[in-house]
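Input: a single structure, listed below in structure tokens.
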Amino acid sequence: MASVTTRPPPWRDVRVLRVLLQLLFALGVVAVVTWLFGNLVTNLDQIGLSTDFDFLDQPAGFQILGSDFRASQTVRDAFVVGITNTISVAGIGIVLATLLGVLVGVLSLSSNWLVRKAATIYVETLRNLPPLIVIVFVFSAVILQLPRIQEASEWFGLVIVSNRTIGLTAPAFEGDSAGTYALLLGLGVVAAIAVAVWRTRVHRATGAPHRRVLWGGGVLLVVAVVGWFALGGPLVLDRPQIVGVQIEDGWAMNANYAALLIALVIYTATYIAEIVRGSIQAVDHGQTEAADALALSSFQRLRFVVLPQAFRIAVPPLANQYLNLTKNSSLALAIGFFELTQTTLTIIGNGNPAPQSIAILMAGYLVLSLSIALVTNLVNRRLQLVAR
Amino acid sequence: MRWARANLFNSPLNGVLTVVFGGFLAWAAYRMATFVFVSADWEIVRRNLTLLMVGRFDRDQLWRPWAALLILAVSIGLTAGMVGAAAADVARQRGLPVAKGSLRSAPRRFWPLILLIVVLVAFTRTVAPTFLILGVLVAGGVAVVAGQRVPARLRRFGWIVFVLGFVGAIVVLWAGGGVPWDGWGGLHLNIFIAFAGIILAFPLGLLVALARRSSLPVVRVVSVVYIEFFRGVPLISLLIMAQLMIGFLLPPSMDPPSLVVRALIAIVIFESAYIAEIVRGGLQAVPRGQVEAAQALGMSQFSIARRIVLPQALRAVIPAMVGQFISLFQDTTLLYAISLFDVLTVSDTTTSQDAFVGRGLQAVVLPCVAFLFWAVSYSMSRESRRLETRLGVGVR
């Protein structure tokens with residue numbers, strides 16, 4: 001008898017069943033989404049709200065504290081201000097939180113008992129608090145209790161602290177040749193990178209020490225200093241000063257911006273400190289011993305053996321914390337800083353349609369989250385390739 | 001002396017660091033002590049303690065929150081006892097030394113919670129709450145011991161005890177002339193939302209996680225989109241969406257649900273995405289050999305999932321679930337941003353009462369609320385770390 005491969009009947013054929021199941025599932029999902037969307041359109045029609053995005057071109061009708069935004073500008077511009085503020089807080093916050101977090105993480109591994117304890121107390125206290133409470137506390141119990149602007153305290157003329165604005169000294173371009181100097185600095189950075197790449201090649205070819213940081217930094221420094229003198233000092237330290245009830249010049253931060261930034265930084269830094277500590281401890285002890293056996297100095301051991309491996313472990317969880325910080329910036333809603341969420345709510349409050357505004361709000365955060373995820377994935381992949 | 005030399009002054013740099021940090025810590029401790037015992041006026045907390053705890057709950061019905069608290073304490077105690085005993089068994093099988101938890105080790109393990117209770121009692125103005133708190137504590141402690149004595153084969157029903165207890169607490173609060181959840185507030189609302197959120201989000205998250213591991217591409221894609229979308233947006237934007245749009249998404253004939261329910265829907269959807277990722281981690285941690293062995297025994301797809309994979313996966317995710325619960329509990333403060341009457345909102349309103357307005361008393365109330373969250377979160381995260389070592393999560 002010849003063996004005949006017979007197909008089972010369709011209702012028992014796994015291939016058919018798989019397709020059928022997926023079709024059913026897809027149909028179910030589509031049905032639910034259509035139902036919700038249909039309800040949305042019906043409801044909006046009933047109360048006479050528009051379902052398009054024309055409202056973006058209407059005047060916003062509200063002002064935004066601490067920016068040049070005027071009520072006559074369009075809703076679209078308001079969204080742009082909101083997302084710019086979110087990016088500003090998230091960007092600066094990520095840099096500062098990383099610096100503080102790495103510092104605390106390293107301190108918590110110190111051989112000094114007191115330093116270790118201090119770092120642990122800091123981490124365990126703030127990590128277990130709701131971020132919203134941290135933000136509200138920093139705003140209402142710290143920043144708002146600062147002296148009023150009329151009796152603002154100045155520290156060495158470099159910092160002005162008041163409960164309304166905090167002014168920091170910041171570098172600023174000044175004078176006619178400012179643009180030229182900025183361009184020159186950009187070229188300097190390019191040149192520095194080129195030199196660093198060249199040194200890396202030399203190192204690969206001959207084995208001579210590359211010293212690329214020294215070379216690249218040197219080139220940049222020379223360009224910056226020579227250019228500064230040649231162009232007559234176009235970059236100055238801009239000191240804040242009080243004009244009436246405003247702080248002008250320098251880097252003037254509004255009270256709620258400062259509160260949000262400080263709160264996010266000190267909160268996220270605790271998580272980063274834990275990641276840094278964990279990753280350094282996760283590096284195999286044999287590596288340290290091997291470095292000692294090779295008579296590397298303790299700096300060399302850290303720089304060439306421990307940190308590169310710890311960094312590799314730390315990147316994915318760090319990326320997670322950067323995402324969290326960005327999303328937590330939406331908590332500024334509670335203290336009235338006009339980042340994306342607060343701006344969207346104000347826009348809705350001014351009679352613009354909620355569904356579209358919320359769609360823009362969510363799209364904004366999704367784009368931010370996905371771009372952070374993209375960048376860190378790239379970094380991660382590069383590091384992993386080096387690994388093995 | 002020798003200890004100080006070895007740990008504080010073993011190098012010149014460390015000597016300097018010790019002096020600098022010691023000075024700073026001493027200064028901070030001094031400032032804090034003077035704030036707590038001298039300069040802070042705690043009257044605002046003392047007078048508003050009930051408001052902070054249960055919001056505007058009908059003052060004649062206060063026995064209901066107490067009864068609910070008792071039921072919750074007993075059911076949580078039972079569940080914790082069962083999970084703890086199961087974890088100790090696992091640790092014993094793995095050859096770890098298992099120190100028996102005793103009454104003497106309790107202060108070291110739970111000092112933040114004990115401190116919290118002492119602080120709360122210090123704020124009360126009558127004697128009754130002290131005894132009631134003590135009663136709840138004793139009942140909870142007895143429940144833990146009872147939970148540990150439950151026969152091993154019944155332990156896997158531990159979560160049912162907890163869910164039943166939670167439902168029972170709601171019934172006690174609401175049924176027969178009680179207060180429906182729209183009238184709840186204060187810490188009580190935070191706890192309710194946190195428990196309800198995790199209980200409802202877990203099954204949903206489990207389904208999404210299974211969908212993500214499905215061999216059917218369409219199912220997998222839908223699940224990935226769901227997870228990535230809800231993890232990519234902040235919870236607050238979902239809460240806003242729930243407040244403003246759930247009414248729009250339902251047919252005009254249906255009445256939109258109340259504010260509390262809307263917030264709960266947003267939280268459940270948000271949490272389920274995170275729980276799905278946690279459960280997926282647990283599913284991936286089950287060695288392939290387990291599934292292959294089950295297949296070799298001729299078990300069906302369903303009973304492999306039900307009897308082999310899920311029990312191991314779910315046991316491995318308990319610590320991570322505790323962590324997720326902590327972050328959910330902290331996230332319930334976001335109800336403040338959508339003006340529900342949660343504990344943070346209450347603390348904000350107290351500072352505008354006639355007697356206290358304009359005195360900058362946020363600096364007094366907020367630390368109290370913060371301490372509450374801190375004590376609960378810190379002790380829970382310590383317990384979950386302990387559980388993690390016992391269950392050997394991440395150790396092969």
Side-chain angles (χ1 to χ4, degrees), chain A residues 18 21-23 25-26 29 35-40 42-44 46 107 110-115 117-118 121 124-125 127-134 136-137 139-142 144-145 323 326-331 333-334 340-341 344-345 348 354-355 358 361-362 365-366 368-370 373, chain B residues 3-4 7-11 13-14 17-18 21-22 24-25 112 211 215-219 222 228-229 231-238 240-241 244-245 247-252 326 329-334 336-337 344 348 351 360 362-364 366-367 369-370 373-378 381:
Chain A
R18 279 173 61 97
L21 262 177
Q22 297 192 54
L23 261 180
F25 184 80
V29 171
W35 182 71
L36 290 175
F37 193 73
N39 287 337
L40 178 65
T42 327
N43 282 317
L44 287 182
Q46 257 184 11
L107 285 184
S110 157
S111 62
N112 186 319
W113 180 84
L114 201 65
V115 173
K117 276 288 163 207
I121 291 176
E124 293 294 353
T125 310
R127 219 167 114 79
N128 288 300
L129 292 177
L132 183 60
I133 291 192
V134 179
V136 175
F137 182 81
F139 181 61
S140 63
V142 179
L144 286 189
Q145 308 302 322
L323 282 174
T326 310
K327 285 187 278 175
N328 279 341
S329 71
S330 64
L331 301 180
L333 185 59
L340 187 52
T341 312
T344 310
L345 263 190
I348 296 173
I358 292 178
L361 167 73
M362 293 198 163
Y365 279 113
L366 275 183
L368 281 180
S369 300
L370 291 181
Chain B
W3 177 87
N7 290 292
L8 298 177
F9 298 102
N10 52 0
S11 71
L13 175 67
N14 264 341
L17 281 177
T18 301
F21 272 79
F24 176 74
L25 281 179
S215 61
L216 308 175
V218 173
V219 178
V222 170
E228 294 304 326
F229 180 82
R231 280 164 55 97
V233 297
L235 175 57
I236 205 155
S237 67
L238 286 174
I240 291 171
M241 175 164 153
L244 297 176
M245 279 182 60
F248 287 144
L249 292 173
L250 297 172
I326 296 172
F329 182 49
Q330 299 186 345
D331 279 345
T332 56
T333 49
L334 295 196
Y336 170 71
L344 193 54
D348 202 38
T351 55
Q362 284 92 347
V364 175
L366 276 177
V369 179
F373 279 93
W374 177 84
V376 175
S377 308
Y378 186 48
S381 71

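In what follows, every chain begins at residue 1, and chains take the letters A, B, ... in the order their sequences are listed.
- The candidate with the highest count of non-hydrogen atom pairs below 4.5 Å against chain B, out of A:Ala354, A:Ser111, A:Ala334, A:Ala118, is A:Ser111.
- Looking at B:Leu244, only its side chain comes within 4.5 Å of chain A, counting heavy atoms on both sides.
- With values rounded to the nearest 0.5 angstrom, B:Met245 atom CE is found 10.0 Å from A:Asn43 atom CG.
- Both the backbone and the side chain of B:Leu334 come within contact range of chain A, each with at least one heavy atom under 4.5 Å from a heavy atom of that chain.
- Annotation: maximal heavy-atom pairing with chain B below 4.5 Å, among A:Ala26, A:Ala373, A:Ser330, A:Ala141, occurs at A:Ser330.
- Using a 4.5 Å cut-off between heavy atoms, A:Leu366 contacts chain B through both its backbone and its side chain.
- For chain A, the nearby parts of B:Val219 are the backbone and the side chain; heavy atoms of each come within less than 4.5 Å.
- Annotation: maximal heavy-atom pairing with chain A below 4.5 Å, among B:Ser215, B:Pro217, B:Ala370, B:Pro234, occurs at B:Pro234.
- Interatomic distance, B:Trp374 CH2 to A:Arg127 CZ, rounded to the nearest 0.5 Å: 13.0 Å.
- Counting heavy atoms from C-beta on, the side chains of B:Leu17 and A:Leu114 never come closer than 4.5 Å.
- Side-chain atoms of B:Asp331 and A:Pro130, non-hydrogen and from C-beta on, never get closer than 4.5 Å to each other.
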Step by step, would you call A:Thr125 with B:Tyr378 a side chain to side chain contact (heavy atoms under 4.5 Å, CB included)? CA-CA 8 Å; A:Thr125 310; B:Tyr378 186 48; over 6 Å; no

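- Residue A:Leu368 does not touch chain B at all, counting heavy-atom pairs closer than 4.5 Å.
- Neither the backbone nor the side chain of A:Leu144 has a heavy atom closer than 4.5 Å to any heavy atom of chain B.
- At a threshold of 4.5 Å between non-hydrogen side-chain atoms, the residues B:Thr333 and A:Ile133 count as touching.
- Side-chain contact check for B:Arg231 and A:Ser369: no donor-acceptor pair (N or O, by modelled atom type) lies under 3.5 Å.
- Counting all heavy atoms, side chain and backbone alike, A:Met362 lies closest to B:Phe229 at SD-CZ, 3.7 Å.
- Nearest approach of A:Asn112 to B:Thr18, heavy atoms of both residues: ND2-OG1, 2.6 Å.
- A heavy-atom distance below 4.5 Å is found between the side chains of B:Leu366 and A:Ser140.
- If you measure heavy-atom distances from A:Thr344 to chain B, you find no contacts under 4.5 Å at all.
- Inter-residue side-chain proximity for B:Phe21 and A:Leu107 is flagged as met; some heavy-atom pair is nearer than 4.5 Å.
- Rounding to the nearest 0.5 Å places CD1 of A:Ile358 at 9.0 Å from CZ of B:Phe248.
- Remark: B:Ile236 CD1 to A:Thr341 OG1 distance equals 6.5 Å, nearest 0.5 Å.
- Both the backbone and the side chain of A:Phe137 come within contact range of chain B, each with at least one heavy atom under 4.5 Å from a heavy atom of that chain.
- Atom CZ in B:Phe373 sits 12.5 Å away from atom CG in A:Asn128 (nearest 0.5 Å).
- Interface residue B:Leu238: backbone and side-chain heavy atoms are both found under 4.5 Å from chain A.
- At a threshold of 4.5 Å between non-hydrogen side-chain atoms, the residues B:Ile240 and A:Leu333 count as touching.
- Remark: B:Ser377 OG to A:Glu124 CD distance equals 11.0 Å, nearest 0.5 Å.
- Both the backbone and the side chain of A:Val136 have a heavy atom closer than 4.5 Å to some heavy atom of chain B.
- A:Leu129 is not listed as a side-chain neighbour of B:Gln330, based on a closest heavy-atom distance of 4.5 Å or more.
- For the pair A:Leu132/B:Tyr336, a side-chain contact is recorded, criterion being any heavy-atom separation below 4.5 Å from C-beta on.
- For B:Leu216, the parts sitting under 4.5 Å from any heavy atom of chain A are the backbone and the side chain alike.
- With chain B as the partner, the residue from A:Asn328, A:Leu40, A:Leu21 showing the most heavy-atom pairs under 4.5 Å is A:Leu40.
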